[in-house]
Amino acid sequence: MPELPEVETVRKGLQQFMEGQSIGKVEVFTSKLRWKLPESFEKNLSNQTITTIARRGKYLILEVSNGHCLIVHLGMTGSFAIFSTNGFPKYDNSRKDKHDHVVFHLGNGTVIAYNDPRKFGMMDLIPESKLSIYPPLKTLGVEPLGNGFDEKYLKYHLDRRSSPVKNFLLDQKVIAGIGNIYASEALWRAGISPRRKANRISQKKAGLLVTAIRDVLNDAIKSGGSTLRNYRSVAGNLGYFQHQFRVYDQEGEPCSNENCDGQINRIVQTGRSTFYCPSCQK
DNA sequence: ACATGAGCCTGTGGGC
DNA sequence: TGCCCACAGGCTCATG
């Protein structure tokens, strides 16, 4: 389920527990997620210190002391959970879920389990020197919260697409990190119909869309951050938190734009649900 | 070069 | 209660 804000929240959580720590043992219970784990996955990670935890689009990049980078993508159902450290349950056979595929035992006793029922997630291990040529990463477009994303960039790429703007927003090669939920949410905020052809969006609307994307992602990261402060006392599951979506999954509800008396519709675009208000999104 | 659809997997919820 | 179907927030590859 994770889009950029969820992945960023997971990154911060992992950072708190893993950065600067050593990895002791790595247990692999399922060697094939989206793809097979590389040979010597465990060997190259065990007894290494985790130096940095970064994010690029929806990918996590964990660098360890021998120069390898652990690349993680959560797919649609991937998550990490924290165990065996103060405030969290001990990780043992009674705790192990059947979809726990990879478990990291840190030197300080903390256990971090990767769980993924649908196995659409991925993990890979590459040398730091190969990061810039690693295919899944090198094809990614700009970070929507970074400096490279502005009205000029967006308009340039919008003008080169005749597909509906909703589909355009899901293209990771243009903007990295937007998924099906935040595409709908951002278009609602910008007052743009998801069905509008990308190349028929005005300069002014493109500017509004940049702001809408930034705001919706930042707001979601903020609400994830507040969950992050609480999760110590609840459970150790990182990255899943309830948002109040304005259009996503709100079919039939009144539009929450106060100047609008419309109703949220659900349509299907290239096989995926899109939610929008036909009255105020043009 | 682009756009679309299938496939990868398992779980959940609604209708009957 | 059980069964069947539709659907789920991502990505890549094959095909047109």
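Letters A, B, ... are given to chains in the order of the sequence lines, protein chains preceding strands, and every chain is numbered from 1.
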**Q** Please state how far atom CH2 in A:Trp35 lies from atom P in B:dC9, giving the value in whole angstrom units.
**A**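 Those two atoms, CH2 and P, are 12 Å apart.
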**Q** Say you pick atom C1' in C:dG9 and the same atom in B:dA3; how far apart are they, in whole Å?
**A** 22 Å
**Q** Is there aromatic stacking of A:Phe120 against C:dC11, centre distance under 5.5 Å, plane angle under 30°?
**A**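 Not stacked: fails the 5.5 Å / 30° test.
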**Q** Report yes if the distance between the aromatic ring centroids of A:Tyr59 and A:His73 is under 6.0 Å, otherwise no.
**A** yes
**Q** Can you tell me if A:Tyr248 touches the phosphate of C:dG9, counting only side-chain N or O atoms and a distance under 4.0 Å to OP1 or OP2?
**A** yes
**Q** State the pairing partner of B:dC9; accept Watson-Crick or G-U wobble contacts with both distances under 3.5 Å, and report none otherwise.
**A**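 Checking every strand shown, B:dC9 finds no partner, since no pair has both distances under 3.5 Å.
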**Q** Donor-acceptor check, side chain of A:Thr49 to backbone of A:Thr51, threshold 3.5 angstrom: yes or no?
**A**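 No; judged by distance alone, with no hydrogens or angles, the pair does not exist.
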**Q** Nearest whole angstrom, please: distance from the P of C:dA6 to the CD of A:Glu251.
**A** 16 Å
**Q** Report the nucleotide, chosen from B:dG5, B:dA3, B:dG11, that has the shortest atom-to-atom distance to any side-chain atom of A:Thr270.
**A** B:dG5
**Q** Students often mix this up, so state it plainly: with edges at 30° and 60°, are the rings of A:Phe80 and A:Phe104 parallel, tilted or perpendicular?
**A**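 Taking A:Phe104 first and then A:Phe80, their aromatic rings sit tilted (interplane angle of 30° to 60°).
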**Q** Could you tell me how far apart A:Phe168 (CZ) and B:dA1 (P) are, to the nearest whole angstrom?
**A** 18 Å
**Q** Determine the Euclidean distance between corresponding P atoms of B:dC9 and C:dC4; express it in Å to zero decimal places.
**A** 22 Å
**Q** Rounded to the Å, how far apart are A:Leu33 CG and B:dC9 C1'?
**A** 11 Å
**Q** Look at the side chain of A:Asn44 and the backbone N and O of A:Ser40, then say whether any donor-acceptor pair between them is shorter than 3.5 Å.
**A** yes
**Q** Ignoring backbone atoms, test whether A:Lys32 places a side-chain nitrogen or oxygen under 4.0 Å from the OP1 or OP2 oxygen of B:dC9.
**A**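 Indeed, a polar side-chain atom of A:Lys32 lies that close.
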**Q** Atom CG of A:Asp171 and atom C1' of C:dG10: how far apart are they, to the nearest Å?
**A** 13 Å
**Q** Would you mind pulling out the nucleotide paired to C:dG9, Watson-Crick or G-U wobble, both distances under 3.5 Å?
**A**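 The answer is none; no pair meets the criterion.
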**Q** How many whole angstroms separate atom CG of A:Leu140 from atom P of C:dG10?
**A**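 In whole Å, C:dG10 P lies 14 Å from A:Leu140 CG.
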**Q** Given atom OH of A:Tyr134 and atom C1' of C:dC11, what is their separation to the nearest angstrom?
**A** 12 Å
**Q** Is any side-chain nitrogen or oxygen of A:Arg160 closer than 4.0 Å to OP1 or OP2 of B:dC2?
**A** no
**Q** A:Lys58 side chain N/O closer than 4.0 Å to the phosphate oxygens (OP1, OP2) of C:dC11?
**A**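 Yes, such a contact exists.
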**Q** Go through A:Ile71 and A:Tyr134 one step at a time and tell me if the side chain to side chain contact (heavy atoms under 4.5 Å, CB included) criterion holds.
**A** CA-CA 10 Å; A:Ile71 313 290; A:Tyr134 186 62; 4.1 Å; yes
**Q** If you only use heavy atoms from C-beta on, which nucleotide in B:dA3, B:dT10, C:dG9 is closest to the side chain of A:His99?
**A** B:dT10
**Q** For A:Arg266, which contact category applies under a 4.0 Å heavy-atom criterion: base, sugar-phosphate, or nothing?
**A**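 Contact class for A:Arg266: sugar-phosphate only.
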**Q** State whether the distance check finds a donor on one side and an acceptor on the other, under 3.5 Å, for side chain A:Arg272 versus base C:dA8.
**A** no
**Q** Do side-chain atoms of A:Arg34 reach the backbone of A:Lys119 as a donor and acceptor pair under 3.5 angstrom?
**A**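 Here the side-chain-to-backbone pair does not exist.
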**Q** Does A:His73 put a side-chain nitrogen or oxygen below 4.0 Å from OP1 or OP2 of C:dC11?
**A**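 Yes, within the criterion.
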**Q** OP1, OP2 of B:dG11 versus side-chain N and O of A:Lys119: anything below 4.0 Å?
**A** no
**Q** What nucleic acid atoms does A:Arg34 come within less than 4.0 Å of, heavy atoms only: base, sugar-phosphate, or nothing?
**A** base
**Q** When the distance from OH of A:Tyr59 to C1' of C:dT12 is rounded to whole Å, what number comes out?
**A** 9 Å
